[in-house]
2 protein chains.
Amino acid sequence: MAQDDKTNGRNVTLEDVVRLAGVSLATGSRVMNASPTVNSDARRAVEKASAQLGYVPNRAARSLMTRRSNAIGVIIPAPTSRILMDPFFLMFFSAIGTELALHSYQLLLVMPQSFDEEKHLERYLASGHIDGIVVTALHGDDTLPERIAARGVPVVVSGRAPLGARASYVDADCRSGAAAATAHLLAQGRRKLATISGSLDMPSAMDRLLGFRDALETAGIAADPALEAVGDFSQQGAAEAMNLLLERRPDLDGVFVASDTMAAMAMHVLQGSGLRIPEDVAVVGFDDQPIAQTTEPPLSSVRHPIEAMSHEMVRLLLHGIEAPDNQPRQVIFPTELVIRESSGGLSMARS
Amino acid sequence: MAQDDKTNGRNVTLEDVVRLAGVSLATGSRVMNASPTVNSDARRAVEKASAQLGYVPNRAARSLMTRRSNAIGVIIPAPTSRILMDPFFLMFFSAIGTELALHSYQLLLVMPQSFDEEKHLERYLASGHIDGIVVTALHGDDTLPERIAARGVPVVVSGRAPLGARASYVDADCRSGAAAATAHLLAQGRRKLATISGSLDMPSAMDRLLGFRDALETAGIAADPALEAVGDFSQQGAAEAMNLLLERRPDLDGVFVASDTMAAMAMHVLQGSGLRIPEDVAVVGFDDQPIAQTTEPPLSSVRHPIEAMSHEMVRLLLHGIEAPDNQPRQVIFPTELVIRESSGGLSMARS
DNA sequence: TTGTAGGCGTTATCAC
DNA sequence: GTGATAACGCCTACAA
């Protein structure tokens, strides 16, 4: 019967394997877990039988014993709406997923849509169903990471955790990256520099703004609040911010934008106003996403090493799972300024 | 001891709950599973004890018995690279996730990076660890859905499955949506219509191209292959395609683009060439993503109901889990043309 | 190095 | 309606 396919001859279990291999369950289990204390003959027999039968360990049974789920959750906290739309997250998921797959961990995507859901989630996470958590797109006042950590589940925040939070995080050195981008604009002789920032309740947004100010201060240029606008990481927000800036300071000659997605939109607005990039206004973005290479002109941007950072997050998490010590760790990766044409920093000699 | 926090007084189990409630394990289980055959006194007692203890059912143990994981997997097959970057997927994940949460299912994100991984995956999926699968971004020759379905795991493809494939899918009526968009351009008096399509090995891309051709044919306009270019759903591909089209037919006066992400880029290229939108060239996109509202001018686009479609996918999946019958089902949702300024179809009277 | 036996937390099958 | 009790598939002392 067709509808019996699934259970037909039911799923093959370790018992089936060891029976075929002629060893005991214990030995079979040892082989599956790469225990060193097993005769190579036995090992081969088990492996052969396993392959022959197409055995796949039952995760539920294993979890029940080991109290591990071999799954880690990636959480985007509730007030997520607009920022979620940044394709940056896709790269991030992909990088984390690849890294996890290497360790045969699963990636659980969790996107609570309300605070109620998030509350429920918290209990759920704490009950041993997920071995570790990556929290991303965290807003400043959210104590979710600490609450989870307090329940003994390893957590790592992607991006700097809020000041004073006792949580592990992995981040790029956004502040100095932003400062480098701004310094680069200054080096091109630009003096009327504006910035479009992300939502300022997000540390990553704040860091980029602070870096911008740092560079101005270093150069001895007084900060002008009218040259700072918030774009909240959305394209729409960026368009509004750029228009606002142009209205307030029509003579601005450079813009540092806190994400490439926003920068692309800002460029669009600038060009729509008849301004040339980089001749009239130089632009630098942040993230060095693929879009930076396809804007016209190509967008200078601050690159952060997503793969390396993802790798580190997973490493921290797995470490926290293997050897829990509740010590928050912070790892900061350096950024790199990638200069393209939008900032006028390239020799114009390109054919 | 700090490192003992997690197991301190270990996780509360159903046994703890029933002991406190003064009932048997069986009754406790019945309450948890909303069995009708339980006295309301007993029910209340269990619920109270459960709340008091903060009980959370152990999924592993439950799975072991029920042979259900209460998880569904969302798969983006291997050759994923560029298209993955479309923010459309984020909306999609979010919609699916919300829908799943309603049924207390988990969302497993699976992004195999190679065919080897994908192969391994197949066995894994088949071994009862995931109750159902959503396959998305499927390329034409990929038989993954059928292979999974053949192993008895419910599968639904997001977007039309390849012709001849025996798989359930949920899709928008892309073909007629594309035709409507094209007809709209024709209605504006445009006669030299071009299109930028997605990767033609993806049914959704092909459907949009076919719809474009349908409308031309209906209008009695001969198809001109030089007015069709492939943009593969990436921004870079779109830019290249638009440039190619302009080179081949500098006098084109309308473009139908298979995704908003690509359309935004195409507009950019057009404007970079000094062409006005919609005066010189009218543009219509597809997806009606947020970006459509923030381009300059706002982008006309074909909307498909992501939420409703996600809802339906989950419904199909859960149905397939509850009552397996291996009957592939197809559900097609109508699309809706949203007219904004980019197509010149709005009265220009707007203030 | 290997095997035996007990248990992980639930649900399902029975009697009662 | 309710309560024992036997699975579910695997891991892991412990003994051999």
Side-chain angles (χ1 to χ4, degrees), chain A residues 6-7 9-47 49-50 53-71 104 124 126-129 131, chain B residues 6-7 9-47 49-50 53-71 104 124 126-129 131 321-322:
Chain A
K6 190 173 177 180
T7 46
R10 86 194 188 297
N11 268 322
V12 17
T13 119
L14 185 54
E15 190 167 354
D16 302 328
V17 174
V18 298
R19 190 177 307 131
L20 179 58
V23 298
S24 77
L25 263 170
T27 301
S29 176
R30 289 188 186 104
V31 172
M32 292 307 152
N33 294 290
S35 158
T37 75
V38 45
N39 178 328
S40 52
D41 283 347
R43 156 162 292 117
R44 263 192 295 276
V46 172
E47 280 166 350
S50 171
L53 267 42
Y55 170 69
V56 178
N58 182 314
R59 265 186 131 98
R62 178 176 282 177
S63 290
L64 196 52
M65 265 313 284
T66 61
R67 294 152 176 293
R68 295 253 177 94
S69 63
N70 269 269
S104 37
Y124 175 73
S127 56
H129 294 310
D131 296 339
Chain B
K6 188 174 177 181
T7 46
R10 86 193 189 298
N11 269 321
V12 18
T13 112
L14 185 54
E15 190 168 354
D16 302 328
V17 174
V18 298
R19 191 177 308 132
L20 180 60
V23 298
S24 77
L25 217 43
T27 299
S29 176
R30 288 187 188 105
V31 173
M32 292 308 152
N33 294 288
S35 158
T37 75
V38 46
N39 179 326
S40 52
D41 282 349
R43 154 161 294 117
R44 263 192 295 275
V46 172
E47 279 164 351
S50 170
L53 267 43
Y55 168 69
V56 178
N58 181 314
R59 265 187 130 99
R62 177 177 282 177
S63 290
L64 195 53
M65 261 320 277
T66 60
R67 294 154 173 293
R68 295 259 176 90
S69 64
N70 268 268
S104 40
Y124 176 73
S127 57
H129 294 309
D131 296 340
I321 293 167
E322 295 300 329

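The analysis underlying the following values was restricted to heavy atoms, covering all of them including side chains, and did not include hydrogens, waters or symmetry mates.
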S.K.: Applying a 4.0 Å non-hydrogen cut-off, can you work out what B:Ala60 is touching in the nucleic acid: base, sugar-phosphate, or nothing?
M.R.: nothing
S.K.: Under 4.0 Å: is that the gap between some side-chain N or O of B:Thr27 and OP1 or OP2 of D:dG3?
M.R.: yes
S.K.: Rounding to a whole Å, what distance do you find between B:Asp16:CG and C:dC8:P?
M.R.: 12 Å
S.K.: Between B:Ala61 and B:Arg30, who's closer to the 5' end of DNA chain C by nearest nucleotide?
M.R.: B:Ala61
S.K.: From CG of A:Asn70 over to P of D:dG9, roughly how many Å is that when rounded to an integer?
M.R.: 19 Å
S.K.: Specify the separation, in whole Å, of atom CZ of B:Arg67 and atom C1' of D:dC10.
M.R.: 13 Å
S.K.: Under 4.0 Å from OP1 or OP2 of D:dG1: is there any side-chain N or O of B:Thr37 that close?
M.R.: no
S.K.: Side-chain N or O of A:Ser24 versus OP1/OP2 of C:dT2: is the shortest distance under 4.0 Å?
M.R.: no
S.K.: How many Å lie between CG on B:Leu64 and P on D:dA6, as a whole number?
M.R.: 17 Å
S.K.: Report the distance from atom CG of B:Asp131 to atom OG of B:Ser63, rounding to the nearest 0.5 Å.
M.R.: 7.5 Å
S.K.: What distance separates B:Arg43 CZ from B:Ser35 OG, expressed to the nearest 0.5 Å?
M.R.: 7.0 Å
S.K.: Answer yes or no: is there a donor N or O on one side and an acceptor on the other, between the side chain of B:Arg59 and the main chain of B:Asn70, under 3.5 Å?
M.R.: yes
S.K.: Taking atom P of D:dG9 as reference, at what distance in whole Å does atom CZ of B:Arg68 sit?
M.R.: 15 Å
S.K.: Could you tell me whether the phosphate oxygens of D:dG9, OP1 or OP2, come under 4.0 Å of any side-chain nitrogen or oxygen in A:Asn11?
M.R.: no
S.K.: Within the structure provided, determine whether A:Val46 and A:Val23 are in side-chain contact (heavy-atom separation under 4.5 Å).
M.R.: yes
S.K.: Describe the nucleic acid contact of A:Ser29 in one word from base, sugar-phosphate, nothing, applying a heavy-atom distance below 4.0 Å.
M.R.: base
S.K.: What's the spacing between B:Met32 CE and B:Thr27 OG1 if we round to 0.5 Å?
M.R.: 11.5 Å
S.K.: Counting only side-chain N and O atoms of A:Arg59, is one of them less than 4.0 Å from OP1 or OP2 of D:dG9?
M.R.: no
S.K.: Report the distance from atom CZ of B:Arg19 to atom C1' of D:dG3, rounded to the nearest whole Å.
M.R.: 16 Å
S.K.: Rounded to whole angstrom units, what separation is found between the CD atom of A:Glu15 and the P atom of D:dC10?
M.R.: 9 Å
S.K.: Can you work out whether B:Met65 or A:Asn58 has the more 5'-proximal nearest nucleotide on DNA chain D?
M.R.: B:Met65
S.K.: Could you state the atom-to-atom distance from CG of B:Leu25 to C1' of C:dT11 in whole Å?
M.R.: 9 Å
S.K.: Ignoring the backbone of A:Leu14, work out which of D:dC10, D:dA4, C:dG9 is nearest its side chain.
M.R.: D:dC10
S.K.: Nearest to the side chain of A:Ala26, heavy atoms from C-beta on, is which of D:dT2, C:dT4, D:dG3?
M.R.: C:dT4
